[in-house]
Amino acid sequence: MTISSGIKRRTLFAAGLGLLAAPVILRERAEAAATGERNLMDGTPLPEINQFKLGSYKFTVVRDGINISEKPYETFGTNQDPETVKALLTVNFLPADKFLNGYTPALIDTGSDVILVDTGFGAAGRARGAGQLAEGLKAAGYSADDVTLVALTHLHGDHIGGLMEDGAAAFKNARYVVGQVEYDFWSDKAREGTPAEGGHKAVLANVVPLAEKTTFIKDGDSVAPGITAMLAAGHSPGHMVFHVESEGKRLVLTGDTANHYILSLLRPDWEVRFDMDKAQAAATRRKVFEMIASEKIAFLGYHMPFPAVGFVERQDGGYRFVPKTYQFDI
């Protein structure tokens with residue numbers, strides 16, 4: 001499809017929204033400080049978007065929300081001494097006692113398809129400031145009805161929560177792509193009574209109702225022209241990454257392969273609490289980011305610092321995150 005408004009107008013519009021929102025946000029923060037109230041999702045004006053081109057494809061990255069959590073060492077480097085985790089954060093100019101997690105769905109406009117990769121928290125996250133995908137798409141000049149394909153890296157709640165809205169499909173004109181292994185695991189009744197039961201219920205509510213419009217894929221399958229899936233299991237049983245190529249330019253959407261730009265990338269072998277198979281997840285991190293570093297291609301990581309796009313280079317036994325600047329603009 002052809003989107004009539006250009007990137008410049010969308011960018012200026014989004015910037016204007018941010019400027020208009022800033023006084024309100026600052027006032028709310030001041031009021032919260034005066035009353036002692038604290039909202040963990042109040043760190044960034046929302047909606048926030050970033051747009052760039054990859055060959056002929058147009059990307060829009062949306063910040064669905066953020067979360068500030070305590071004690072990073074209880075999530076990352078769980079097989080390490082907490083002081084070791086704190087020291088790595090400190091030497092990288094980050095707080096040792098807190099960390100910020102962002103959630104970044106991405107829209108890919110190929111000219112013939114408008115493809116959404118992951119959907120954020122949806123309505124369930126709005127009470128705490130998340131679930132901003134729909135508003136972000138509007139700021140970029142799109143609507144939910146423009147989306148023709150939704151591709152899911154995996155089926156954790158922060159990736160599937162935006163699939164449904166008020167009991168109906170949020171993207172009514174879309175078809176869906178989901179990994180077969182991932183779907184089979186989370187939709188299976190065997191998850192009942194296990195630690196995965198919450199995820200099972202979320203999939204029953206958000207993904208199973210869309211099964212008739214879903215294509216179930218495996219490693220190496222095509223998602224759409226120029227987009228190929230690769231199994232990258234460990235974080236979840238059927239976690240996928242998506243390779244995108246247009247006019248010789250390449251980018252990999254890595255989903256939750258790495259969940260922190262220091263604690264997961266610089267130390268890929270450190271265990272992460274949310275990785276279901278921790279040894280497999282570490283091996284997958286090494287495999288995926290060694291490929292990205294060796295081939296010097298871009299990646300978009302769902303939990304990387306906004307706009308979640310960058311490169312990696314080998315450093316200190318792991319990988320250093322290099323955020324994008326103007327590589328895609330000239």
Side-chain angles (χ1 to χ4, degrees), residues 1 54 56-60 62 104-120 122 133-134 137 142-165 167-191 196 199-246 250-257 284 288 299-300 302:
M1 66 177 284
L54 184 85
S56 64
Y57 291 179
K58 191 182 303 178
F59 275 71
T60 300
V62 178
T104 47
L107 194 77
I108 310 170
D109 188 341
T110 71
S112 57
D113 269 309
V114 176
I115 303 167
L116 177 64
V117 179
D118 294 328
T119 69
L133 173 62
L137 293 180
Y142 294 91
S143 75
D145 292 350
D146 292 327
V147 176
T148 60
L149 176 66
V150 177
L152 300 171
T153 58
H154 63 298
L155 302 184
H156 284 168
D158 56 326
H159 297 254
I160 66 171
L163 285 170
M164 304 292 285
E165 191 75 34
F171 308 99
K172 64 183 183 182
N173 297 321
R175 53 195 175 88
Y176 304 85
V177 169
V178 178
Q180 184 74 66
V181 171
E182 186 78 354
Y183 183 82
D184 289 349
F185 177 85
W186 289 106
S187 60
D188 192 335
K189 284 189 175 182
R191 306 287 82 80
H200 169 65
K201 290 180 178 178
V203 167
L204 292 183
N206 292 284
V207 184
V208 171
L210 305 170
E212 290 186 0
K213 298 180 69 177
T214 300
T215 299
F216 296 99
I217 60 171
K218 63 183 185 304
D219 181 46
D221 282 352
S222 175
V223 174
I227 305 178
T228 305
M230 183 180 98
L231 183 65
H235 179 69
S236 65
H239 183 280
M240 292 276 192
V241 302
F242 299 128
H243 294 245
V244 183
E245 183 168 0
S246 175
R250 298 172 61 200
L251 180 146
V252 181
L253 294 112
T254 59
D256 283 12
T257 306
T284 293
V288 170
F299 82 101
L300 193 161
Y302 195 73

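In what follows, residues are counted from 1 in the order of the sequence shown. Just so you know, these numbers use all the heavy atoms, side chains as well, and skip hydrogens, waters and symmetry mates. Everything numeric in this text was worked out from a predicted model, so none of it was measured.
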Between side-chain atoms of residues 217-225 and protein atoms elsewhere (two or more places apart, or another chain), which donor-acceptor pairs fall under 3.5 Å?
from, atom 1, to, atom 2, distance (Å)
Lys218, NZ, Asp221, OD1, 3.3
Asp219, OD1, Leu231, N, 2.9
Asp221, OD2, Lys218, N, 2.9
Ser222, OG, Ala224, O, 3.3

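Contact annotation: the side chain of Val203 approaches that of Val208 to within less than 4.5 Å [non-hydrogen atoms, C-beta and beyond]. Using a 4.5 Å heavy-atom threshold, the side chains of Leu107 and Val62 count as separate. Side-chain contact check for Phe299 versus Val241: every heavy-atom pair is 4.5 Å or farther apart. Taking the side chain as every heavy atom from C-beta outward, Thr254 and Thr153 never approach each other to under 4.5 Å. Side-chain atoms of Met240 and Val117, non-hydrogen and from C-beta on, never get closer than 4.5 Å to each other.
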side-chain contact (heavy atoms from CB on, under 4.5 Å) evaluation trace for Leu149 with Val177
CA-CA 7 Å; Leu149 176 66; Val177 169; 3.5 Å; yes
Show your reasoning for whether side-chain contact (heavy atoms from CB on, under 4.5 Å) applies to Val244 and Phe59.
CA-CA 11 Å; Val244 183; Phe59 275 71; 4.1 Å; yes
For the pair Glu245 and Thr228, evaluate side-chain contact (heavy atoms from CB on, under 4.5 Å) and give the outcome as yes or no after the intermediate values.
CA-CA 9 Å; Glu245 183 168 0; Thr228 305; over 6 Å; no
Could you walk me through whether Thr257 and His235 pass side-chain contact (heavy atoms from CB on, under 4.5 Å), step by step?
CA-CA 7 Å; Thr257 306; His235 179 69; over 6 Å; no
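Minimum heavy-atom separation, Met164 to Ala205: CG-O, 3.8 Å. Heavy-atom minimum distance, Gly120 versus Pro105: N-CG, 3.7 Å. Nearest heavy-atom pair across Val181 and Gly238 is CG1-CA, 3.9 Å.
The line from CD1 of Ile160 to OH of Tyr176 is 12.5 Å long, rounded to the nearest 0.5 Å. Atom CG in Asn173 sits 5.0 Å away from atom CG in Asp145 (nearest 0.5 Å). Annotation: the span from Leu163 atom CG to Leu210 atom CG amounts to 6.0 Å, rounded to 0.5 Å. The CG atom of Asp256 sits 3.5 Å away from atom NE2 of His154, with the distance rounded to the nearest 0.5 Å. With values rounded to the nearest 0.5 angstrom, Asp118 atom CG is found 9.0 Å from Leu155 atom CG. Rounding to the nearest 0.5 Å places CD of Glu165 at 10.5 Å from OG1 of Thr119.
Partners of Asn206 under the side-chain hydrogen bond (donor to acceptor under 3.5 Å, both in side chains) rule, at least two apart in sequence or in another chain, do not exist in this structure. By the ring pair (Phe, Tyr, Trp, His ring centres under 6.0 Å) test, Tyr302 pairs with His159, sequence neighbours left out. Residues passing the side-chain contact (heavy atoms from CB on, under 4.5 Å) test with Ala106 are Leu253, Leu300, sequence neighbours excluded. Residues passing the ring pair (Phe, Tyr, Trp, His ring centres under 6.0 Å) test with Phe185, sequence neighbours excluded: none. For Lys213, the salt bridge (Lys or Arg N to Asp or Glu O under 4.0 Å) criterion is met by no residue, not counting sequence neighbours. Residues that satisfy the side-chain contact (heavy atoms from CB on, under 4.5 Å) test with Ala144, not counting sequence neighbours, are Phe171. Asp188 meets the salt bridge (Lys or Arg N to Asp or Glu O under 4.0 Å) test with no other residue; sequence neighbours excluded. Partners of Arg191 according to the salt bridge (Lys or Arg N to Asp or Glu O under 4.0 Å) rule, which considers only residues two or more places apart in sequence or in another chain, do not exist here. Among residues two or more places apart in sequence or in another chain, the side-chain contact (heavy atoms from CB on, under 4.5 Å) test is passed with Ser246 by Ser56, Tyr57. With sequence neighbours excluded, the residues that form a side-chain hydrogen bond (donor to acceptor under 3.5 Å, both in side chains) with Ser236 are Glu182. Partners of Thr215 under the side-chain hydrogen bond (donor to acceptor under 3.5 Å, both in side chains) rule, at least two apart in sequence or in another chain, do not exist in this structure.
Judged by distance alone, with hydrogens and angles left aside, the side-chain atoms of Thr284 form a donor-acceptor pair with the main-chain N or O of Ala233 at under 3.5 Å. With hydrogens and angles ignored, the 3.5 Å screen pairs a side-chain donor or acceptor of His200 with a backbone N or O of Trp186.
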